[in-house]
Trainee: 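Please see the structure below; I have some questions.
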2 protein chains.
Amino acid sequence: MYKNLMYICNSKYRMKMKNSQLYKGSLNTIILKLLEENGKMYGYEITQKVKAITLGELNITEGALYPALHKLEAEGLLDVEIERVDNRLRKYYKLTETGTKETMNRLSELEDFIRNMQSLVNPKLEF
Amino acid sequence: MYKNLMYICNSKYRMKMKNSQLYKGSLNTIILKLLEENGKMYGYEITQKVKAITLGELNITEGALYPALHKLEAEGLLDVEIERVDNRLRKYYKLTETGTKETMNRLSELEDFIRNMQSLVNPKLEF
DNA sequence: TTTAATACCTAAATTAATTATGTATAAGAA
DNA sequence: TTCTTATACATAATTAATTTAGGTATTAAA
């Protein structure tokens with residue numbers, strides 16, 4: 001019974017995110033790019049990596065991450081491989097061949113997106 | 001009766017958008033920035049301006065734009081002023097004082113967002 | 001005279017993400 | 001040694017932005 005209490009208490013320590021609206025729609029691109037960069041990663045590792053790279057500014061929620069990974073896997077962009085480390089489960093994801101190609105497309109879209117957003121907010125540089 | 005036919009036919013010419021997922025969440029920032037830049041604008045003008053600046057890459061849908069404008073107005077960030085030009089209605093929007101301040105915040109968030117996304121996809125430049 | 005462009009609007013459906021849980025092991029602090 | 005935190009997976013209900021698909025009306029162009 002005190003196990004249940006632990007869960008209740010533990011839930012209090014879970015960080016709430018108030019990420020800017022802007023990050024909506026960028027999660028898949030981030031996942032794909034990190035996997036392309038690092039070969040294989042597991043979910044929790046991705047959240048920590050993103051937190052580190054963005055200096056704590058972007059915190060991916062588990063509720064967003066895991067369904068996103070499952071969807072990318074279902075779409076054939078990711079392969080999964082389960083490992084047990086220290087009696088703890090880890091699901092390593094890596095890009096499939098299709099996933100590698102799609103990652104290129106997504107990164108190209110991201111470049112266009114960033115260029116367009118910069119044109120919109122900093123017109124002096126462009127016109 | 002042929003008027004109704006015109007509407008039916010006309011609907012065929014409405015462009016469908018396949019904008020990248022990445023633009024989701026950026027509409028309000030775009031609207032606020034354009035208004036800050038141009039003083040006052042009406043809805044249709046905003047869609048055309050965005051299309052021009054992004055060289056046709058970003059096409060804002062009316063179904064997204066008008067509700068967004070109404071919401072920003074309801075939140076007190078925009079003021080509206082109706083004009084009739086060539087017997088056609090135009091609703092000009094401009095930033096309120098609060099809206100001007102909020103625009104600064106949103107632009108700052110956008111800068112952070114772009115910087116973070118660039119760190120994520122181009123780690124060589126940062127690490 | 002039909003089509004396309006200008007100009008506003010909304011409602012239903014989709015969908016990504018948030019919020020709030022649940023479960024379990026290991027490490028560290030009290 | 002007990003409580004807390006960190007590691008590690010997961011899902012279900014809700015929220016909210018956007019898409020999709022309409023609707024209405026005037027002016028310009030083909």
Side-chain angles (χ1 to χ4, degrees), chain A residues 2-31 41-49 51 58-73 80-93, chain B residues 2-31 41-49 51 58-73 75 80 82-93:
Chain A
Y2 80 88
K3 277 193 173 192
N4 274 326
L5 259 178
M6 184 177 67
Y7 302 139
I8 290 163
C9 291
N10 203 25
S11 74
K12 286 196 299 185
Y13 301 113
R14 298 198 181 181
M15 206 190 308
K16 298 297 164 33
M17 224 122 358
K18 26 130 212 73
N19 285 330
S20 156
Q21 279 288 116
L22 293 165
Y23 291 96
K24 280 173 203 294
S26 62
L27 180 56
N28 286 330
T29 304
I30 291 170
I31 292 171
M41 297 179 86
Y42 55 99
Y44 186 75
E45 188 184 10
I46 291 174
T47 66
Q48 300 309 301
K49 189 81 174 177
K51 197 185 289 185
L58 178 54
N59 290 276
I60 295 178
T61 55
E62 297 167 304
L65 178 70
Y66 291 114
L69 288 171
H70 301 159
K71 189 153 181 264
L72 289 169
E73 190 195 349
V80 68
E81 187 190 321
I82 298 172
E83 280 184 37
R84 186 166 287 278
V85 180
D86 288 335
N87 203 30
R88 247 197 239 105
L89 195 74
R90 276 189 193 170
K91 291 178 76 174
Y92 278 97
Y93 290 92
Chain B
Y2 80 88
K3 274 194 175 194
N4 275 328
L5 258 178
M6 181 177 70
Y7 301 140
I8 290 163
C9 290
N10 203 25
S11 72
K12 286 197 299 184
Y13 301 112
R14 297 198 183 181
M15 206 189 309
K16 296 297 164 31
M17 224 120 359
K18 21 127 216 80
N19 286 331
S20 158
Q21 280 288 118
L22 294 165
Y23 291 97
K24 281 172 203 293
S26 62
L27 179 56
N28 285 329
T29 303
I30 291 170
I31 292 171
M41 297 180 85
Y42 55 100
Y44 185 75
E45 187 184 9
I46 292 174
T47 66
Q48 300 309 301
K49 190 80 172 178
K51 197 184 292 185
L58 177 55
N59 289 276
I60 296 177
T61 54
E62 297 167 305
L65 178 70
Y66 292 114
L69 287 171
H70 301 159
K71 189 153 181 262
L72 289 170
E73 189 195 348
E75 289 167 354
V80 66
I82 298 173
E83 280 183 37
R84 187 167 286 277
V85 180
D86 286 337
N87 202 31
R88 248 200 237 102
L89 196 73
R90 277 189 193 169
K91 290 178 76 173
Y92 278 97
Y93 290 91

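Numbered from 1 within each chain, the chains take letters A, B, ... in sequence-line order.
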Trainee: How long is the line joining CD of Glu62(B) and C1' of dT24(D), in whole Å?
Mentor: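 Taking atom C1' of dT24(D) as the reference, CD of Glu62(B) is at 12 Å.
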Trainee: Under 4.0 angstrom, heavy atoms only, what part of the nucleic acid is Gln21(A) near: base, sugar-phosphate, or nothing?
Mentor: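 Counting heavy atoms under 4.0 Å across all strands, the contact made by Gln21(A) is with sugar-phosphate only.
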Trainee: Looking at residues at least two apart in the chain, or sitting in another chain, which of them share a salt bridge (charged side-chain N to carboxylate O under 4.0 Å, His left out) with Glu45(B)?
Mentor: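 Expected list: none.
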Trainee: Pick the closest DNA chain C nucleotide for Pro67(A) and for Glu45(B) by heavy atoms, then say which residue is nearer the 5' end.
Mentor: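 Comparing both residues, the 5'-ward one is Glu45(B).
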Trainee: Does Gly43(A) reach a base, just sugar-phosphate, or nothing at all? Heavy atoms under 4.0 Å.
Mentor: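 The residue Gly43(A) makes sugar-phosphate contact but no base contact.
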Trainee: Mind listing the residues from residues 85-93 of chain B sitting with a heavy atom below 4.0 Å of DNA chain C? Number order is fine.
Mentor: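 Within residues 85-93 of chain B, the residues near DNA chain C are Arg88(B), Leu89(B), Arg90(B), Lys91(B).
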Trainee: What's the closest nucleotide to the side chain of Thr61(B) if the choices are dT19(C), dA7(C), dT19(D)?
Mentor: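 Closest nucleotide among those given: dT19(D).
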Trainee: For DNA chain C, whose closest nucleotide is more 5', that of Gly25(A) or that of Ala64(B)?
Mentor: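 Final value for this comparison: Ala64(B).
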Trainee: Could you check which of dT6(C), dA8(D), dC9(C) has an atom nearest any side-chain atom of Tyr42(A)?
Mentor: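 Shortest atom-to-atom distance from the side chain points to dA8(D).
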Trainee: Let's see if you can work this out: which of dT6(C), dA7(C), dC9(D) has an atom nearest to the side-chain heavy atoms of Gln48(B)?
Mentor: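 Nearest to the side-chain atoms of Gln48(B), counting from C-beta on, is dT6(C).
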Trainee: Asn19(B) has a side chain; which of dC9(C), dC8(C), dT19(D) sits nearest to it?
Mentor: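 The closest nucleotide is dT19(D).
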Trainee: For a quick test of reading the model: is some side-chain N or O of Tyr66(B) closer than 4.0 Å to OP1 or OP2 of dC8(C)?
Mentor: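 Tyr66(B) to dC8(C) OP1/OP2: side-chain N or O found under 4.0 Å.
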Trainee: What residues, two or more places apart in sequence or in another chain, satisfy salt bridge (charged side-chain N to carboxylate O under 4.0 Å, His left out) together with Glu73(B)?
Mentor: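 Once residues adjacent in sequence are excluded, Glu73(B) has no partner under the salt bridge (charged side-chain N to carboxylate O under 4.0 Å, His left out) criterion.
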